[in-house]
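A quick write-up on the structure given underneath.
All ligand and atom numbering here is 1-based and tracks the order in the structure. Along the sequence shown, residues carry numbers from 1.
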Amino acid sequence: MNTFEILEKAKKEGYAIGAFNAANIETLKAIVQAAGKLRSPVIIEASDGEVKYIGKKQLVSLIKIYKEEYNIPIVLNLDHAPTFESCKEAIIEGFDYIHFDGSQLPNEENVEITKRVVELAHQNQIPVEGEIDHIQGSSAYHKDEDVKKEQKEELYTNPQKALEFVNETSVDTFASFIGNAHGLYSTEKKIDLNLLSKIREALPNKFLSLHGGSGIPDHDIKEAIKLGIVKINVNSELRVAFHDKLKEVINTSDEIAVYKIMPEVIDAVSAVVERKIKLFGSEGKA
Ligand code: G3H
Ligand code: ZN
């Protein structure tokens, strides 16, 4: 199955595919381990920083090997790509999905670059995700902050503008901002499900993604999937699981063989991914 077919199946059957950031190779191992165990399709997200750290060629090669090993659909996505050039390089290297994020550019420039990315990606049968409203926050643990400070309603997506953008660019997936700020906070994220249903009505033929998946209550996630979300991005919860378990293991043991330390850390991250896959309804859909 190509990425279009993987997303189409999720849309038709009413579940979402988890899109998990691979901060390093251990996190990548944790994600595919969970998806393999639960026989779920999965999207591996690699942001600019993560791509620089792991390497484009290395990511593509590892994903190819994991696809063969686990025999499940694994999509490699360039996450929040900031330039046309980074998208082009990823397409040439063999990524399966591209998310160009021009939300901080003037609208005309965002439209123009998104269009060029779509043109190139479609020649290679690769879908493109785009956005117009910058998703606030950052994928970190903002433990002393209330998420409300990142949820300014005047910055939320306007369904009419979303429709204009997808018509002008022909993007396949639209990422909206409906309160889904990036990161984990001291409070749960309340997302605007009413607005999401209006965006769905405006874009019935497009795929919809939900970024900022960490810290959104389970019942809101389930409602968002019922309203047509087919891709949910999760990063911060994985980072916290990795960090906390690594700290615990290092503080309680003198082991210096790293390969003996890491399995526990990988399992902690994998447990988070397993929980999300079950919540998103993609278990057994591989
Ligand atoms: O693109 C990545 C995500 O939207 C992750 O958001 O850190 O809130 O899970 P998160
Ligand atoms: Zn995001």
Side-chain angles (χ1 to χ4, degrees), residues 16-24 27-28 30-31 34 42-54 59 75-82 86-87 90 95 97-104 110 114 127-143 145-151 155-157 171 173-191 196 207-218 220-221 224-225 229-244 269 271-277 279-280:
I17 303 172
F20 303 101
N21 282 79
N24 57 8
T27 306
L28 173 60
I31 300 166
V42 72
I43 302 174
I44 302 296
E45 297 282 314
S47 66
D48 214 30
E50 288 158 345
V51 166
K52 281 194 188 111
Y53 179 61
I54 304 178
L59 274 164
V75 170
L76 177 58
N77 177 27
L78 186 64
D79 187 28
H80 292 282
S86 57
C87 296
F95 278 52
Y97 184 109
I98 299 289
H99 169 201
F100 172 69
D101 179 357
S103 62
Q104 287 180 296
N110 184 13
T114 307
V128 175
E129 178 170 338
E131 62 182 89
I132 50 175
D133 303 293
H134 181 59
I135 297 164
Q136 304 292 304
S138 60
S139 289
Y141 190 14
H142 309 269
K143 50 175 172 281
E145 294 171 32
D146 187 333
V147 69
K148 283 201 189 72
K149 82 173 184 54
E150 301 291 5
Q151 294 180 309
L155 301 178
Y156 286 13
T157 297
V171 276
T173 307
F174 184 76
S176 40
F177 182 50
I178 54 169
N180 48 322
H182 285 133
L184 268 174
Y185 297 81
S186 63
T187 50
E188 282 186 336
K189 292 172 198 170
K190 176 111 201 70
I191 54 170
L196 177 59
F207 300 120
L208 298 181
S209 69
L210 181 67
H211 280 252
S214 298
I216 298 179
D218 289 1
D220 277 14
I221 290 281
I225 296 170
I229 291 290
V230 295
K231 168 179 175 279
I232 303 180
N233 287 59
V234 181
N235 188 0
S236 303
E237 286 191 41
L238 272 53
R239 288 181 170 183
V240 168
F242 189 101
H243 173 272
D244 290 358
V269 177
V272 177
V273 177
E274 276 189 40
R275 205 183 79 71
K276 296 293 180 190
I277 286 175
L279 174 65
F280 300 165

For atom 3 (C) of ligand 1, closest protein heavy-atom neighbour: N233 CB, 3.4 Å

N/O/S atom name from H211 that is nearest to the position of the Zn ion (ligand 2): ND1

Part of D79 with heavy atoms under 4.0 Å of ligand 1, whether side chain, backbone, both or neither: side chain

Nearest-contact summary for atom 10 (P) of ligand 1 - protein heavy atom, Å: S214 OG, 3.5 Å

Close approach, H182 and ligand 1, non-hydrogen under 4.0 angstrom: yes

Heteroatom of H80 nearest to the Zn ion (ligand 2) (N, O or S, atom name): NE2

Closest heavy-atom pair and its distance - G179, I191: C-CG2, 4.0 Å

Whether S139 side chain and S236 backbone form a donor-acceptor pair below 3.5 Å: no

Check: S214 main-chain N/O paired with K189 side-chain donor or acceptor under 3.5 Å: yes

Whether Y185 and H142 hold their rings parallel, tilted or perpendicular, with breakpoints at 30° and 60°: parallel

2.8 Å cut-off met by an N, O or S atom of H182 to the Zn ion (ligand 2): yes

The single option from V51, D101, V128 passing side chain to side chain contact (heavy atoms under 4.5 Å, CB included) against L78: V51

Protein heavy atom at shortest distance from atom 8 (O) of ligand 1: G183 N, 2.8 Å

E129 touching ligand 1 at heavy-atom level, < 4.0 angstrom: no

